[in-house]
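In each ligand, atom 1 is the first atom listed, and ligand 1 is the first ligand listed.
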Amino acid sequence: MKIVDIREVTINLNGGVSNAIINFHKHTVSLVALISDQFSNGKPIVGFGFNSIGRFAQGGILRERILPRLAEIAPEKLVNSSGCGFNPGALAQIAMKNEKPGGHGDRAGAVAALELAAWDLNAKLLGEPAYKTLRRHFDVAESGVSIPVYAAGGYYYPKDSTKRLNDELRRYQELGYRLFKIKVGGGELREDIPRIEAALTIAGCGDKIAVDANGRFELQQALTMAAAIEPYKLRWFEEPGDPLDFDLNRILIESYSGCVATGENLFSLMDSKNLMRFGGMRLGKDIFQMDPGLGYGVTEYHRILKALEEFGFQRKQCYPHGGHLINLHLALGLGLGGCEAYPEVFQPIGGYSAQCSLVDGKISPSDAPGFGLEQKQELYPLMCELVN
Ligand code: MG
């Protein structure tokens with residue numbers, strides 16, 4: 001058994017939306033394919049992965065550094081010990097040959113796209129959905145086939161922003177979502193408060209609304225926002241300040257009784273450990289959002305889960321960033337608290353396939369093998385183009 005070819009392509013994200021910091025108009029993602037020498041119905045079995053959302057495609061790093069390293073090694077080095085699949089951790093390790101530690105940036109997403117494709121491939125070789133493969137591999141207890149999901153959106157639009165927010169959340173509600181996340185910090189506090197209140201009217205209570213500042217605030221601004229939203233008892237206040245300013249996070253948490261969520265811009269075990277050590281995160285309360293697709297893949301993410309548990313946190317406190325099929329399988333397969341969804345934005349990657357079932361705020365993947373990306377209508381033609 002071997003991987004006979006690895007391909008990558010940059011795809012455009014459909015994202016004419018803004019948060020407090022950036023506009024997603026020109027964002028891209030790397031889609032990768034691991035083509036195996038195994039066949040099903042006369043076609044090669046192929047694993048697909050991508051580097052989540054929000055950090056651009058990494059074709060340069062893949063082509064110039066990582067793929068040449070993988071081409072140099074004997075193919076059997078990527079086969080797992082059972083001989084029935086591939087070893088995603090070994091693949092990630094080879095991809096990182098001669099890379100210095102620390103400074104985890106774009107390469108963490110490049111490696112992740114490949115590592116995730118290896119999980120998709122393994123699940124397809126076994127003919128099962130990826131969450132089952134992950135549960136077995138990491139010895140995670142069975143816990144049903146559905147998981148809580150929240151609809152992330154509430155971006156800023158140049159015109160009629162609050163009205164569009166209202167309409168957007170109502171559409172999500174009709175689809176079956178019960179929890180929502182909206183952006184804050186894109187303008188003045190006096191503009192955000194009516195947005196939050198509009199969202200509360202639709203959701204029914206604060207526990208169903210989270211707000212995300214995308215790292216926008218300095219300490220004093222973050223404290224001001226926290227004081228202003230505290231009475232609403234929101235589900236969480238996300239990324240109040242710079243994602244690497246653990247002191248800001250700690251000080252904010254000391255003065256804010258609600259939950260804080262952060263971690264989507266931490267790409268390694270060590271960065272995550274620093275958040276656990278210095279960020280003031282509370283056991284059983286605050287939310288960790290590290291995203292395997294931005295941080296070297298599942299192997300590294302599992303190390304982070306182990307570290308969290310050693311620190312006394314629970315994996316139910318984890319809601320990975322990135323509302324797409326890959327993270328749905330990871331959240332379900334690794335026993336996390338829940339997952340995100342982008343029902344309307346970031347196509348062709350964002351959101352779930354029509355075959356997923358969403359009932360009263362909980363989502364289940366279909367039983368398609370792997371991550372089921374082939375059932376994502378907008379993505380499937382691009383996958384076919386990459387391998388044909
Ligand atoms: Mg966020």
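In summary, the side chains of Thr262 and Glu238 do not present any donor paired with an acceptor at a separation below 3.5 Å, with no hydrogens or angles considered.
Relative orientation of the Tyr131 and His329 rings is tilted, given thresholds of 30° and 60° on the angle between their planes.
Ring centers of Tyr256 and Trp236: at least 6.0 Å apart, outside the cut-off.
With a 6.0 Å radius and a threshold of 12 heavy atoms from other residues, nucleotides or ligands, Glu218 has its CD atom at or below the threshold.
Within the 2.8 Å limit, Glu239 places no N, O or S atom next to the Mg ion (ligand 1).
With the Mg ion (ligand 1) as vertex, Glu238 OE2 and Asp212 OD2 subtend 90°, rounded to 10°.
For Glu264, the N, O or S atom closest to the Mg ion (ligand 1) goes by the atom name OE1.
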